[in-house]
Structures are given as C-alpha cells and as structure tokens.
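Right, one structure below, let's go through it.
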Amino acid sequence: MSATGAPNLRQQLIAECRSAFLAMLDAFALTRGIRLADSRAAMTHAAAECFDELARLRGKRGFEQAHGLTASRISLISEHDLSLTIELTGLAKRLREHAGPNLARLSQRFVVLLEQTDAVAEQLPVGPEAVCRALRGLVENAGLDPDQRIDLLKNWEDSLTRELGSFYGKLDDKLDKAGIRARPGYVPWTATGPATDPPSGAPPASRPLPAPTPAMAPPSIVPTLPEDRPQPQRPQPGRLPQEAPGTPAPAAAPAGWPTLHGDESASAKGPAPAETALPALSDEPDSLQARLRDRLVQRRAIAAAGAPGLDPRLGAAIIEQVRTWLTSLQQTGDIAVPAIASSPLGHLLDARTASALEVLEQLLDHLADRPEWPQPIRKLLPRLKIPLLRLVLDDARLAVDPDLPLLAFLDNLAAAACTLPSDCAALAGYRQIEGIMLGLCLRSGLQTGHLKEAATTLHGLAEMRRNAAFTSSQPAFDLAARAEQRESARILAVRALQAMIDEKTPAAIQRFLTTHWLQVLVRTLYRLGDKHPDWRNQLEIAHQFLLTGSTDASGRMPPSVAAQLAALLNRIGIRLTSIGLGAEAQKAALADSIALHASLLAGHAPDPLPYDGAVTSPMTLSKAREIPRLRMLHHVGYTVGRAQAPDWMNIGTWIEISLPDKSIHCGCITWIGPAARVALIGDPDSGALLAATAHCLASLEHAGRVRTGNDRSATERATQAILRQLNA
C-alpha cells in the first residue's frame, strides 16, 4: 500500500461514511413523521457518538478488548428502562439477520478501512447496533411513554429493514470502488459465532451478495453515495432487469486512488477472480416459476406414462409449426389465442417447452384478472400473449428465470400500472404504458433486448410518478403530523369514556358524553396533553355526570349527587362554551340528560330512550385551510373498537379510495405518522393530497372501497397463487 495520501484517503472515506449514515437516519425519521428537530438531532448525535467510539477501535484484538465496548454497552442497557433495551436488542438482532452476507462483507471492508487487526460484526460503526443506539436517543428525546416507544419500534421495523438494506448495498459499493478489499480468509465474528459460513477453501469476500431490498423512502430523500452502480440482483417491482450471466467482478478503484487492502502488489495481479456461487442449499428450483414448471413437467410425465418418446427432429418441426401459427395470428391482429400448452398441439411438444409455455399462459391469465391493475391495462395485457409466447418458444428459460428480461418486464409493468387509477384512459401515464405495450405487440422481430428496454422505461415511469407524489406531499407533512396528534387525542378520549361507560349507564348520559363531552376531552388532549390538570379535571366531571344517572334504594337520585347537580351543570356549561357551543346549543345538548334528572329527582322511572352510541360516527371529509389541495378523512366523534392499521399501509404503497363524497382519490402513501394512525396520500397527476386515518382506511377496505398496489413482485405473487391452486 502506498503511504502517500493513503491516511488522508482513509479519513475522507470514514468521514463520508459517517455523514451518509447520519443523513440516512435523519431522512428516515423525517419520512416516518418525526418533524421535531430536537428529537432528530438527539438521534443523529447518538449515532455520531456511537460511530466515533467504534471507529477509534484500531489495533485491538477481540471483542472484549475493545475499550470495554461490549454489545450490551452498544445497546445501552438501562436499569430504569429494561423493556426498551430488550426491544432494541431484539431489533438489532433481527436487522442483522435480515442483512445477512451483505452486512458481513461491509464489516470486512470496515476492518480494513479502520486498520483493525480483528473485530466482531457488532463493532461495525454503521451496523444495526449503532442504528438502535440512535433510535434510543430519538425515543427518549421525543418524550414518548414506554408503550409508545415499543409501538414505534415495531411499526418502523419493516421499513427500517428495507432502508438499511438499500443503504448497506450503496455503502459497500462505495468502499469497493474506493479499493477497500477484505483480507483473504478473514471472517468477521458476532458475539455468538462467525458472521458468515464460507464454502471450504473460499474466502468470505468471494461470495456473491444478495441485493438489498428497495427502500420505501423516495430516491430524492434517501442519501446517495457518489458513483452508484446497480447491484446484481433478482428483479423486483420497480427494478431494472439484470443480465443473465454470472455476477460481475467488483469494479476497480478509481484512477489515482490507492488500493487499501493491505497488499501493494494486488493491483499488479490483474483483475479479481470471478465470484463463485454459493453451494446449493436444497434441491428446490431457483425460482417460484421454475418450481411451477417442474410441477407441470411432472404432471405431464404422469399423464404420458407409457407413451413413446417424441423424436427430436419431429419435436423441432412441431415447434417451427407453432411459431409459424403464432406469427400468422399476430399478423391478423387476433388476440383470442387458445391455450397452447393444454391443446393437442401442446402435448406434441417436449415437456419442458410445453410446461414453460403453460407457466407464461397461466401468469398472463392471472395478472389479467388482478384487481390492482387498472381495467384499461388489463384489456391490453392479452395482446402481449402472442409475442411473449414466441419468445418462450425460442428460449424456455425466459418464463422461469427472474434474471432474464421477460419476468422483469412483467414486474415493472405491474409496478407502473398500479400507480394509475382505474379510470386512467385520459392520463399521460396510461398513454405512455399503452405505447410501450403496443410497440412490443406490433414489433415483427421482438427480441429479449426489446423487453429489457421496455422494462427500463417502465421502471423510470414508475419512479417518476412516485417522486412526483413525494414532492407534492412535502409541504403537507406538518399538517399531517397535526392530524395524527388530533387522531391520537380522539382515540385516547374514546378509550377513557369506554372505560367509564357500561351497560347500566342511562342512554341520555351516554349520548351526551360520547357526542359532546368527547369533543371537550379531545380538545384538551390535543392542546394540553394528558399530563395537564385540565385533562384529569374533565375526566372527573365525566365521572360525576355518570353518577347523576344512578339511583338509591328508593329509585331517586342520591341526595349527595342531587346537592351538587347545579354546580356540576354550571362547570359543564363552561367547558361546552370552550368548544364553541352557545347557550341554546348547550340547552339542546343537555336536554335529554336534564329530563332524566327531573325524573330521577321526582322518583319516577325515566322514559327509556334508545341509545345509538354503539354506532360509529360517520367519516368526515374536510379541507385544510392552509393547503386547499389537502383534504382530511377522519372521524370526528365516537367510534367503537380499536381499528388496526391495514397491513398494506406502508410508505410507497399505491392506493385508490372511493371517498364518502363519491369522489376518487388515487396516489402513493408518502408519509405515515409515528403511531401509524394517519397516512398522507399524494396524487402525482393532480397534486391533490389526502390525509386519512388508519381507522377510516380500515373501514373503507372492509366496505370494498379500496384498491391497493402491492410492492411485491407481481409474477411471484401470481406464481404463488397458481401453486396453491395446484396443491388444492
């Protein structure tokens, strides 16, 4: 290693890694609804402190010799908050397990970058332990109670896993380009054993890494490192297809940069050897589509048991006849193509070719029936059947190998299609997708390269629409955060009343508390919080008001309660005034209760009035005065039960909602509050915004008024459904 400039380069790389790590954490917290600058500053301060402590571990051997910085110290065990420490420790473990070899390779590079002679994986300055230490700083500064801290960590886990997967992939690529190479044969250790289990005789650094899962935050928010290059990976929705050959060797260091792998002569040895593949872990096929094909091959073999084999020359002739037939159908514009694989002609093909055709046919049929695809796109999909079948006829691998362009094209088509509303025919986005699909259908000499080009264009379209949704949403993040605070106040007030009211409470009392007094409680919680004396005072008023509906042995209101009734009603009137009710409105609000009190004071049984409070208050759709294009979908009053946030309520999910006013809102979820009670949905076409509570979204989904676009691979989900049908 050249001594000239190398120390400065090391320090520059360490500083860049530190800055990117802190920027990633701050951006992640911002997209998850943490708008308080002090809380985010506390998080980045804790992360920076942990990074600096771990980055100074030079020349030490072994985990226990590292300045006493053990795993328990990294996670900051506190005697006063053991449950949070346990949750953070478990979270760090799960994040590490999910990152797998990707994180192990990054640890190897940091050992070289930091000039360590040995280190364990938990000492990685940007590792999950450092992330969890930063999260502790955040939740402690934010003033959350113990339950809220645990809930926040659980709500964030999935998106944090995706974010770190993307970040670690970029950081590993950055260090690789800078020439940071792991020492041959070095294996990082965790506190319980080796972080990797390399094949015999193969250094850990030679193992290919799985691609990071795409982050949910928009590309404009996720901090990027210079000279990013795509990682070899299996195509995912919104991802570009990769070349079929093996994983390429790591890129060489930029010109003029020393190679920091501790071996000056390494650069003279030529390019790094090609990476070796991991040994097979099972006999299962590499993809779901290949597994489906093998099932279909087995089914054909059973059906053809005892039949003579097909002569190869005859098989080739049959394939040529099928190809000619498909070409004639394409030229006539006929899209009503019969199922080739199950036809008599299909039974004359060899089993693997026929099964690959059947895989593609079933995939296209299943995708055309999926509700998340807008109807205009679903109508166009059958037109792709003939050109795609011709490609599979030439190369059966296209239908079963996710690393080849066909499945990647379908996944990117699904990713772009789910960004459109059902009524999308007039939108520019639909016309772009339509042009791509028709261009493939009309091309006479369709090749796999054309599919790859189309997949790239579709990927760019989906990302452009996603970025447009995030950009239009950013001005509304603060208002959405306030909407979540108000929804949290409403839920807490409802739960407080539910704890006090039972089946013996008179209907008039229940109606007043759940209709009018609830608004007083919500306003107090939203403005002052649950630690303010006014909150407890108003709960006490509610309790005393409940007592006014009770009777003694004679059937009358107890004398002690009757003596305080006038003063109690006066206190209630003052509070009702604070929510904007005048004298006449207060009299109307208390009319049923006063009639009940009069009956009880006279010793008469009150008239039974049916209580309709068990019915959830209707959803309200209102406009925000600060941002006219922002509407709020929420419940103002009392609701029954605890509606959980839907599973699909994640940042990056596309959703189409039929609103109470019969209008349609379609867009991308760009923000979710820390408690996952409000989601902000941005429409990339009109710029309209909708802040909807999780309770409303769950209710609309139950009513069948929500259409969502799944962020998982469309072809994988379709294949799983087909396999389930075969197993049924």
Side-chain angles (χ1 to χ4, degrees), residues 21 24-25 28-29 31-34 39-40 42-44 46-47 49-51 53-54 63-64 66 68-104 106-107 119-168 188-197 210 212-213 215-217 644-645 647 649-651 672-676:
F21 181 54
M24 180 273 296
L25 290 174
F28 175 78
T31 60
R32 298 302 295 176
I34 302 300
S39 298
R40 300 205 319 273
M43 177 188 65
T44 53
E49 185 180 63
C50 187
F51 185 100
E53 289 177 3
L54 293 171
F63 188 50
E64 297 302 331
L69 191 60
T70 62
S72 61
R73 183 179 169 191
I74 291 175
S75 56
L76 291 180
I77 289 181
S78 169
E79 296 180 356
H80 304 292
D81 198 359
L82 184 58
S83 61
L84 176 61
T85 297
I86 293 173
E87 182 64 28
L88 286 171
T89 303
L91 176 60
K93 180 181 178 181
R94 293 190 295 274
L95 292 174
R96 179 168 295 282
E97 289 174 349
H98 188 276
N102 200 23
L103 189 58
L106 190 60
S107 298
V120 295
E122 287 87 350
Q123 292 174 349
L124 179 63
V126 297
E129 289 74 22
V131 172
C132 289
R133 183 157 162 182
L135 291 177
R136 177 184 283 276
L138 171 67
V139 299
E140 288 181 345
N141 179 273
L144 304 177
D145 62 39
D147 290 339
Q148 289 176 324
R149 295 176 181 182
I150 301 301
D151 289 343
L152 182 142
L153 295 177
K154 291 180 178 178
N155 289 333
W156 282 11
E157 181 171 343
D158 288 344
S159 52
L160 182 61
T161 299
R162 291 187 289 266
E163 185 77 21
L164 290 179
S166 176
F167 175 74
Y168 289 152
W189 280 68
T190 66
T192 57
T196 59
D197 186 17
T213 306
M216 297 301 291
Q644 299 295 325
D647 293 338
M649 199 180 93
N650 298 297
I651 291 179
I672 296 176

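Along the sequence shown, residues carry numbers from 1. These numbers come from a predicted model, not from an experiment.
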Minimal non-hydrogen separation, I34 against S39, with atom names | CG2-CB, 4.2 Å
Which atom of F21 lies closest to which atom of F51, heavy atoms considered = CD2-CD1, 4.3 Å
Output the distance between atom CE (M24) and atom CG (L160), rounded to the nearest 0.5 Å.
-> 7.5 Å
In short, R136 meets L84 closest at the heavy-atom pair NH1-CD2, 3.8 Å
Indicate the atoms forming the closest heavy-atom contact of G137 with A46, along with that distance.
-> CA-CB, 4.4 Å
Where is the tightest heavy-atom contact between A92 and P128, given as atom of each residue plus distance?
-> O-CB, 3.6 Å
All salt bridge (Lys or Arg N to Asp or Glu O under 4.0 Å) counterparts of E157, not counting sequence neighbours | R94
Decide yes or no on side-chain contact (heavy atoms from CB on, under 4.5 Å) for T161 and L95, but give the supporting numbers first.
-> CA-CA 6 Å; T161 299; L95 292 174; 3.3 Å; yes
For R32, what residues pass the salt bridge (Lys or Arg N to Asp or Glu O under 4.0 Å) criterion, not counting sequence neighbours?
-> none
dist S159:OG -> L164:CG (nearest 0.5 Å) comes out at 9.5 Å
Pairs satisfying ring pair (Phe, Tyr, Trp, His ring centres under 6.0 Å), at least one member in residues 135-157, at least two apart | F28-W156
Side chain to side chain contact (heavy atoms under 4.5 Å, CB included) with L88: which of V139, I150, L153, V131?
-> L153
Could you list the residues that satisfy side-chain contact (heavy atoms from CB on, under 4.5 Å) with E97, not counting sequence neighbours?
-> K93
Any ion pair linking E49 and R133 (charged N to carboxylate O, less than 4.0 Å)?
-> yes
From CA spacing to verdict: side-chain contact (heavy atoms from CB on, under 4.5 Å), E129, R96 = CA-CA 9 Å; E129 289 74 22; R96 179 168 295 282; 2.7 Å; yes
Closest non-hydrogen contact found for V126 with Y168 is O-OH, 2.7 Å
Partners of A134 by side-chain contact (heavy atoms from CB on, under 4.5 Å), sequence neighbours excluded?
-> L25, M43, A47
Qualifying residues under side chain to side chain donor-acceptor pair (under 3.5 Å), relative to N155, sequence neighbours excluded | none
Close side-chain approach of D158 and R162, heavy atoms under 4.5 Å | yes
